[in-house]
Amino acid sequence: MTSNIEGKVVLITGGGTGLGAETAQMLASKGAKIAIAARRRGKLDEVASSISSSGGKAKGYELDVANKDQFKSVVEAVAFDFGKLDVLINNAGLMPIRPMVEVNTDEWDAMIDVNLRGTLYGIAAVLPMFIKQESGHIINISSVAGVKVFAPGGTVYSGTKFAVRAISEGLRQEIGSKIRVTSIEPGAVESDLKHTTSGTSQGAVMEFYKSAIPASSVARAITFAIEQPADVDINEIVLRPTAQEF
């Protein structure tokens with residue numbers, strides 16, 4: 001089914017490190033043309049250079065996913081640079097774990113901005129294009145915390161990821177006749193996400209992530225969803241380390 005990936009143009013947010021970078025590399029190895037977007041230009045250039053040196057095609061774009069005008073501009077730039085856009089992977093995310101009783105509203109706002117608004121702004125940026133071309137694939141990275149509330153500490157994070165999962169399913173019902181929608185819900189995955197916890201729960205998070213699976217495990221799940229024939233829509237994939245109980 002590699003032919004169903006070859007030649008597709010894929011935009012990945014949070015593409016400079018971790019899961020985003022691993023997915024970019026894997027899809028590029030199967031012939032996809034990769035657009036990676038993130039706030040840190042240096043990391044984007046490293047990933048794009050690595051893909052190019054292996055014979056692939058990739059380009060980096062600076063993007064704050066919480067800026068809807070910037071998101072729209074990046075999508076337009078990708079379509080111009082590559083001639084089209086086939087897949088959006090809403091991967092950028094934050095996970096500052098902290099009990100709600102500590103009332104850190106700055107962290108709540110940040111998660112809502114990146115995890116939720118960022119996903120919605122990505123959908124808003126690509127949807128008119130996908131509707132016009134009568135094809136496209138939107139892949140949203142939720143979490144097992146979007147299937148079962150992660151508490152204490154992850155209540156607000158779970159709230160954003162439950163929302164991403166609900167939005168994915170609602171969007172599928174609205175536009176699913178020609179445009180595919182997939183929600184990916186990973187458990188503990190080796191990435192920079194765990195480092196966004198800096199408060200009282202940091203130790204517990206680091207302990208939890210000792211059983212983390214490599215980012216390539218999730219990249220394979222994303223690849224599986226993309227490589228299906230156009231008339232097959234993988235709606236939801238939940239995956240976690242075998243040892244993870246939550």
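Hydrogens, waters and symmetry mates play no part in the numbers below; they use all other heavy atoms, side chains included.
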Measure the [atom1]-[atom2] distance between [X] and [Y] for me, rounded to the nearest 0.5 Å.
X: E227; Y: I5; atom1: CD; atom2: CD1; result: 4.5 Å
X: Q228; Y: T182; atom1: CD; atom2: OG1; result: 9.5 Å
X: D64; Y: D113; atom1: CG; atom2: CG; result: 8.0 Å
X: L94; Y: T196; atom1: CG; atom2: OG1; result: 5.5 Å
X: R220; Y: I237; atom1: CZ; atom2: CD1; result: 12.0 Å
X: I123; Y: I179; atom1: CD1; atom2: CD1; result: 11.0 Å

For the residue pair [X] and [Y], what are the closest heavy atoms and their distance?
X: I222; Y: L19; result: CD1-CD1, 4.4 Å
X: A38; Y: G15; result: CB-N, 4.2 Å
X: A32; Y: V10; result: CB-CG2, 4.2 Å
X: Q244; Y: A188; result: OE1-N, 2.9 Å
X: I36; Y: A24; result: CG2-CB, 3.8 Å
X: G60; Y: A48; result: N-CB, 4.4 Å

Heavy-atom distance under 4.5 Å between the side chains of [X] and [Y], does that happen here?
X: I51; Y: Q25; result: yes
X: I139; Y: I226; result: yes
X: I34; Y: V47; result: no
X: I184; Y: L239; result: yes
X: N91; Y: T23; result: no
X: V149; Y: F162; result: yes

Would you check if the side chain of [X] reaches a backbone N or O of [Y] as a donor-acceptor pair within less than 3.5 Å?
X: E107; Y: R98; answer: no
X: S73; Y: D69; answer: yes
X: S29; Y: M26; answer: yes
X: T197; Y: I97; answer: yes

Under 3.5 Å, which donor-acceptor pairs do the side chains of residues 126-135 form with other protein atoms, sequence neighbours left out?
residue: Q133; atom: NE2; partner: L85; partner atom: O; Å: 3.0
residue: Q133; atom: NE2; partner: S135; partner atom: O; Å: 3.1

Any side-chain hydrogen bond (donor to acceptor under 3.5 Å, both in side chains) involving [range]? Give me the pairs, sequence neighbours left out, ordered by first then second residue.
range: residues 8-18; value: T17-D192
range: residues 141-162; value: N115-T160
range: residues 78-87; value: K59-D81, Y61-D81, K84-D86

Exercise. Show the numbers, then the answer: is there a side-chain contact (heavy atoms from CB on, under 4.5 Å) between V87 and L27?
Key: CA-CA 11 Å; V87 182; L27 293 175; over 6 Å; no

Practice problem: Please determine, by modelled atom types, if N140 and S168 share a side-chain donor-acceptor pair under 3.5 angstrom. | Solution: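 Yes.
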
Quiz item: Does any donor atom in the side chain of D233 or N235 lie under 3.5 Å from an acceptor atom in the other side chain?
Solution: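 Note: D233 and N235 side chains meet the donor-acceptor criterion.
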
Taking only residues two or more places apart in sequence, or in another chain, which ones meet [X] in a salt bridge (charged side-chain N to carboxylate O under 4.0 Å, His left out)?
X: E174; value: none
X: R180; value: none
X: K178; value: none

Quiz prompt | ring pair (Phe, Tyr, Trp, His ring centres under 6.0 Å): pairs with one or both residues in residues 64-103, sequence neighbours excluded | solution =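 Listed once each, the pairs would be none.
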
Tell me every residue that passes side chain to side chain donor-acceptor pair (under 3.5 Å) with [X], counting only those two or more places apart in sequence or in another chain.
X: S183; answer: E185
X: R39; answer: none
X: R240; answer: none

Practice problem: Decide whether W108 and V114 are clustered together by the hydrophobic rule: side chain heavy atoms of Ile, Leu, Val, Met, Phe, Trp, Tyr closer than 4.5 Å, transitively. | Solution: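 Linked, W108 and V114 end up in one cluster.
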
Quiz item: Do V164 and V238 sit in the same hydrophobic cluster, where Ile, Leu, Val, Met, Phe, Trp and Tyr count as joined when their side-chain heavy atoms come under 4.5 Å apart?
Solution: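 No: no chain of side-chain contacts under 4.5 Å links V164 to V238.
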
Quiz item: Other than V101, which residues form its hydrophobic cluster under the rule that side-chain heavy atoms must be closer than 4.5 Å?
Solution: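 Its cluster mates, by chain and number: none.
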
Self-check item: Audit row: R117, I112, side-chain contact (heavy atoms from CB on, under 4.5 Å) steps and yes/no
Solution: CA-CA 6 Å; R117 284 197 178 93; I112 290 168; 3.5 Å; yes

Quiz item: So, are R165 and E169 salt-bridged, with charged N and O less than 4.0 Å apart?
Solution: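 Looking at E169 together with R165, the answer is no, because their closest N to O distance does not fall below 4.0 Å.
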
